Structure formats: C-alpha cells, structure tokens
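Below is one structure, written out as structure tokens, with a few remarks after it.
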Amino acid sequence: MGRPPRHPGHPRRAGADPGRDRPDLSDRPVTGAVPSPNIWHHTATYELENRAADPDGRLWSAMEERADWRGRTVLDLGCGSGFHLPRFAEYAAGVIGVEPHPGLVRLARRRIRGLPQVDVRSGTAQDVPLPDASVDVVHARWAYFFGPGCEPGLAELDRVVRRGGTALVIDNDGARSTFGGWFRRGYPHLPPPAEIERFWAQRGWTRTPVDMGWRFESRADLEAVVRIEFKREVADEILRHHQGLDVDYAVNLWSKDF
C-alpha cells in the first residue's frame with residue numbers, strides 16, 4: 001500500500017513510468033506498511049491518475065450524501081501526496097492526513113502549505129497516530145483494498161472515530177465497468193467481488209455503487225496510467241483495444257456510521 005495496510009494480494013507492480021519526474025521515495029516507510037508500487041514508484045504519473053478520476057464529481061457527491069464534514073475533523077487515511085487534503089479543508093474545521101511513506105509525507109506537507117487547519121502525520125491504518133474519539137469523518141481511498149486482511153485497520157476506526165462520526169472507504173468494483181474487466185483480468189488471484197462485498201456487509205458497512213469514470217487530457221497520459229496499474233502484457237492488451245481518453249470506471253463507496 002502506499003498508505004495504510006492493504007490485503008496481501010494487492011497488486012505489487014505495473015509497467016514502467018515513462019520518464020516522468022518523481023520525488024525521492026527511497027526512505028524507509030513506517031513499519032507495517034505494505035508497498036503501493038503505483039504511487040510509491042511512479043508518483044508523478046499517479047498524480048495524472050488522481051486528476052483523471054471522477055471528472056464529473058459523482059464520487060464526491062456520493063461521499064457528501066453520506067457524511068457532512070463542514071466544521072468537523074476529517075482524517076484522510078493513506079493520504080499519499082495529499083491530493084485530496086485541500087478539498088476537505090475547504091469546509092472542514094481540521095484535516096489530518098496519515099501516510100506511511102516519508103517521501104509522500106513530505107510531498108503532502110508541501111501541498112498543504114498555507115492551510116493551517118491541515119496536518120500530515122506519518123503512520124499506518126493499523127496504528128493511527130491520533131487519540132481516541134478524535135475525528136468525525138474518515139476518508140480512505142484505495143487504502144483498504146479487497147476487504148479480508150484489513151481488519152486491524154478497521155479496529156482502529158472504532159477507536160479514533162467519535163460517536164456520530166462516519167467512515168468512507170473507496171474501493172474498485174470488480175463486478176462491472178470497463179475498468180472492472182481490466183482489473184479482473186490483471187489480478188485474477190484476488191477475492192471475487194461477491195466475497196469482498198460480503199466481507200463489508202457482514203461488518204455493518206453500506207455499499208453505494210458509483211460510476212465515477214476516468215477522463216484524461218491526452219492519450220499519452222492514459223497510457224502512462226494504465227502502465228503503472230497493470231503488468232506489461234495486460235497493459236499492452238488493454239491499450240490495443242481501448243480507444244479514446246475516457247474509461248468507464250465503477251467503484252464501491254463503503255460507509256459506516258459510528
């Protein structure tokens with residue numbers, strides 16, 4: 001994971017970053033962090049992916065329907081380079097990003113300069129560096145992958161979220177969409193979608209399916225992102241058959257009130 005712990009079957013590598021600049025991420029991550037090769041090794045390209053995701057704001061709308069962070073404290077678990085922190089800071093009273101990789105922590109802190117209500121800390125989901133009952137809303141995007149295996153992180157949510165708070169977990173929906181088909185093809189060893197959904201439902205989480213989409217500014221950007229998410233042979237096949245700059249991409253928004 002480039003963030004809090006993920007299921008041990010999380011993709012370990014994709015293709016090569018096509019010569020883009022990247023920060024020094026050679027520092028040792030916090031103990032217990034599972035590598036997230038896309039953002040750890042291809043940080044600039046992952047920034048393109050963040051910019052392309054949810055171009056029409058459907059995922060953000062779904063999140064806002066489930067949790068109101070106006071005037072409240074938000075925890076972004078696995079904040080990476082801090083891409084989403086400024087948006088939460090527009091309305092939240094305080095925002096805390098937690099990230100296990102020192103290089104990404106530095107990038108996130110650089111991004112939030114001038115935002116005094118935002119703090120970035122080094123840590124993992126199974127050992128969140130916050131007191132009990134200290135946050136109202138938790139956002140974890142691509143950080144609790146695949147359900148089974150993330151139980152220690154979920155236990156920490158019980159500790160740090162105040163009563164009346166809400167946690168939001170975003171994950172791929174491998175059961176549908178163009179990207180879902182790519183995902184199943186690229187990572188056939190992962191639990192099937194029905195098993196993942198059962199994991200969350202049995203623990204009291206609510207599923208909101210969202211068709212968020214990808215929309216890139218150039219074909220080169222799309223190809224670069226596909227190559228950091230999939231092995232070379234899978235990426236080559238995807239790019240041979242997919243035309244244009246948009247990708248139908250479905251995710252699950254899992255939410256739970258505390």
Side-chain angles (χ1 to χ4, degrees), residues 1-8 10 23-40 43 46 50 63 67 69 71-147 149-171 203 205 254-258:
M1 57 176 216
R3 301 118 139 161
R6 292 176 175 170
H7 188 278
H10 176 63
D24 178 10
L25 299 182
S26 59
D27 307 279
R28 175 172 292 187
V30 173
T31 300
V34 179
S36 183
N38 48 18
I39 191 171
W40 282 23
T43 309
Y46 198 83
N50 272 328
M63 290 166 53
W69 51 85
R72 306 175 84 191
T73 301
V74 175
L75 167 62
D76 188 358
L77 264 178
C79 68
S81 60
F83 186 85
H84 301 104
L85 298 177
R87 180 150 184 175
F88 284 115
E90 291 176 8
Y91 299 108
V95 182
I96 303 162
V98 170
E99 167 59 44
H101 203 291
L104 293 175
V105 168
R106 287 196 297 271
L107 287 177
R109 287 173 175 165
R110 186 184 310 164
R111 192 190 294 268
I112 56 92
R113 285 176 184 167
L115 296 175
Q117 73 274 43
V118 185
D119 183 26
V120 177
R121 305 182 185 183
S122 179
T124 63
Q126 71 270 34
D127 188 14
V128 178
L130 292 174
D132 297 352
S134 56
V135 301
D136 302 296
V137 177
V138 177
H139 169 258
R141 187 178 301 214
W142 320 136
Y144 289 104
F145 262 107
F146 317 130
C150 69
E151 292 88 344
L154 297 183
E156 273 289 80
L157 295 184
D158 290 331
R159 183 182 68 80
V160 301
V161 180
R162 296 185 182 114
R163 300 310 92 175
T166 303
L168 307 171
V169 172
I170 297 122
D171 199 358
R203 287 159 177 79
W205 292 72
W254 294 101
S255 57
K256 184 177 181 180
D257 296 326
F258 290 79

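Residues take their numbers from the sequence shown, with the count starting at 1. Keep in mind that this is a model prediction, so the values were computed, not measured.
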Does the [X] side chain pair with the main chain of [Y], one donor and one acceptor, at a distance under 3.5 Å?
| X | Y | answer |
| --- | --- | --- |
| K256 | R203 | yes |
| E151 | G149 | yes |
| R162 | S134 | yes |

Provide the closest heavy-atom pair for [X] versus [Y] in the form atom of the first, atom of the second, distance.
| X | Y | value |
| --- | --- | --- |
| P100 | S122 | O-OG, 4.4 Å |
| V120 | C79 | CG1-SG, 4.3 Å |
| A89 | L115 | CB-CD1, 4.4 Å |
| I39 | G80 | CD1-CA, 4.1 Å |
| A92 | V74 | CB-CG2, 3.9 Å |
| G97 | L85 | CA-CD2, 4.1 Å |

Problem set entry | Test side chain to side chain donor-acceptor pair (under 3.5 Å) applied to R159 - qualifying residues, sequence neighbours left out |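 Applying side chain to side chain donor-acceptor pair (under 3.5 Å) to R159 gives D132, E156.
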For this session: Go through the structure and list residues passing side-chain contact (heavy atoms from CB on, under 4.5 Å) with R121, not counting sequence neighbours.
Result: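 Listed in chain order: I96, D119, P129, L130.
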For this session: Not counting sequence neighbours, which residues clear side-chain contact (heavy atoms from CB on, under 4.5 Å) with R111? List them please.
Result: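 With neighbours one apart ignored, the set is E47, S81, F83, P86.
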Problem set entry | Side-chain touch Y46/L104, heavy atoms, less than 4.5 angstrom |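 Result no, sub-4.5 Å side-chain heavy-atom pair not found.
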Name all residues meeting the salt bridge (Lys or Arg N to Asp or Glu O under 4.0 Å) criterion together with [X]; count only those two or more places apart in sequence or in a different chain, and write none if there are none.
| X | value |
| --- | --- |
| R109 | none |
| R110 | none |
| D257 | R66 |

What's the separation between atom [atom1] in [X] and atom [atom2] in [Y], rounded to the nearest 0.5 Å?
| X | Y | atom1 | atom2 | result |
| --- | --- | --- | --- | --- |
| E99 | L107 | CD | CG | 9.5 Å |
| W69 | L168 | CH2 | CG | 7.0 Å |
| M63 | R141 | CE | CZ | 5.5 Å |
| D171 | W254 | CG | CH2 | 9.0 Å |

For this session: For side chain to side chain contact (heavy atoms under 4.5 Å, CB included), just list the numbers for F258 and V138, CA-CA rounded to whole Å, side-chain angles, deciding distance to a tenth of an Å, and then say yes or no.
Result: CA-CA 11 Å; F258 290 79; V138 177; over 6 Å; no
